[in-house]
There are 2 protein chains.
Amino acid sequence: MGRDVGLPIGALASRTGTKVNTIRYYEDIGLLPHAARTASGRRSYGPEDVRRLAFIRSARGLGFSIDEIRSLTALAAGPEQDCAEVRALAARHLLDVDERLERMARLRAELARIVQLCEGGRIADCRVIEAIEATLPSAV
Amino acid sequence: MGRDVGLPIGALASRTGTKVNTIRYYEDIGLLPHAARTASGRRSYGPEDVRRLAFIRSARGLGFSIDEIRSLTALAAGPEQDCAEVRALAARHLLDVDERLERMARLRAELARIVQLCEGGRIADCRVIEAIEATLPSAV
DNA sequence: CTACATTCTCCAGTAACTGTAGAATCAAGA
DNA sequence: TCTTGATTCTACAGTTACTGGAGAATGTAG
């Protein structure tokens, strides 16, 4: 009867900046696998769970939906997959990420410009929305 | 009685990739100002509304919450604001955006690597989660 | 003047959490 | 050992940010 060396749910939560309830929710919807349980029925997690959850939280924070994350994590499902399929999926995500990167970079540039402007004491043209719009990709 | 030259809600919706109901929702919660109305009570929009909504949708897609967007668009509220306050707000958002940019860039690198790997016909080490985790900022 | 599309308000449903209630378990100190 | 506060458990209700539908009014093309 080796003692349980896994992390309890609270430790996983604090390590990944996730709420305890959110972790249980992810397990419910199958985004995380069923956690191992201790003798008394408490969830117990290992380093792999920390990695997976950290990835999920990061991707969520970047605006990916649960379904998109399911499809992203499917890329890591192992060597038994069809290579062409995985490649197509990854390539599609790559295009998407590139677009987000561009928009994020434009937002960054505009914020930096505002900080600069306000530094100089002037504020008259802190027109963040117009400035960002002016650089939008497909002239929305 | 000049005729109404504004866009109806459906046109604003298609121009910004937003659902009609979502536009009305944004008005309800005060994220968009009350729209002008035609004689018969229909909403009518101008170019400024297109810009503002395009910005909101872009920011939402990048993972910013409605409250964060309220605070971002506040930067565009005009010259009657306190300069130091605006600067501080913009600087805070800038740090946040930089962090997101970093994470986005790492995700991009990993996706590119997978596409490369799969290109060569091998797939054994398409370990997207582990690879991304390995480059996470604060060793979560 | 039809007939079909668009808009209106109101309200119910969904996605992704977030919080709470009540009971069980754990871990540290007296 | 006993107790006392912190964690965990399940279950369910509430929140945020939409999304969709019903039924009525209005717009527009033929």
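Residue numbering restarts at 1 for every chain, and letters A, B, ... go by the order of the sequence lines.
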Ring-face cation contact, A/Y45 with A/R52, 6.0 Å cut, 45° max
no

Please state how far atom CG in B/L7 lies from atom P in C/dT6, giving the value in whole angstrom units.
15 Å

Could you tell me how far apart A/R43 (CZ) and D/dC9 (C1') are, to the nearest whole angstrom?
7 Å

B/E68 CD to D/dT16 C1': how many Å, rounded?
13 Å

Distance, rounded to the nearest Å, where B/L62 contributes CG and D/dA17 contributes C1':
16 Å

Do B/I29 and B/L53 belong together in a cluster built from hydrophobic side chains that touch within less than 4.5 Å?
yes

Just by protein heavy atoms under 4.0 Å, how would nucleotides 18-30 of chain D read 5' to 3' in B, S and -?
BBBB---BBS---

Measure OH/A/Y45 against P/D/dT8 and give the value in whole Å, please.
10 Å

Without hydrogens or angle criteria, can the side chains of B/R57 and B/Y26 be said to hold a donor-acceptor pair below 3.5 Å?
yes

Salt-bridge test for A/E27 and A/R24: reply yes if a basic N is under 4.0 Å from a carboxylate O, no otherwise.
no

How close or far is atom P of D/dA11 from atom CG of A/D28, stated in whole angstroms?
9 Å

I would like to know whether A/I23 and A/D49 meet side-chain contact (heavy atoms from CB on, under 4.5 Å); could you show each step before the answer?
CA-CA 10 Å; A/I23 297 174; A/D49 296 302; over 6 Å; no

Between A/R108 and B/L101, is there a donor-acceptor pair closer than 3.5 Å when you use the side chain of the first and the backbone of the second?
no

Taking atom C1' of C/dA15 as reference, at what distance in whole Å does atom CD1 of A/I69 sit?
13 Å

Examine distances only and state if a side-chain atom of B/S58 and a backbone atom of B/A54 form a donor-acceptor pair shorter than 3.5 Å.
no

Heavy atoms from C-beta onward define the side chain here; which of D/dT8, C/dA16, C/dT7 lies closest to that of A/S65?
C/dA16

Do A/R92 and A/D96 sit within salt-bridge range, that is, some charged N less than 4.0 Å from a carboxylate O?
no

In whole angstrom, what separates B/I23's CD1 from C/dT9's P?
13 Å

Treating B/R100 as the side-chain partner and A/G61 as the backbone partner, does any N or O pair qualify as donor plus acceptor under 3.5 Å?
yes

Give me the bend of the helix from C/dC1-D/dG30 to C/dT14-D/dA17, using the axes of the five pairs at each end, rounded to 10°.
30°

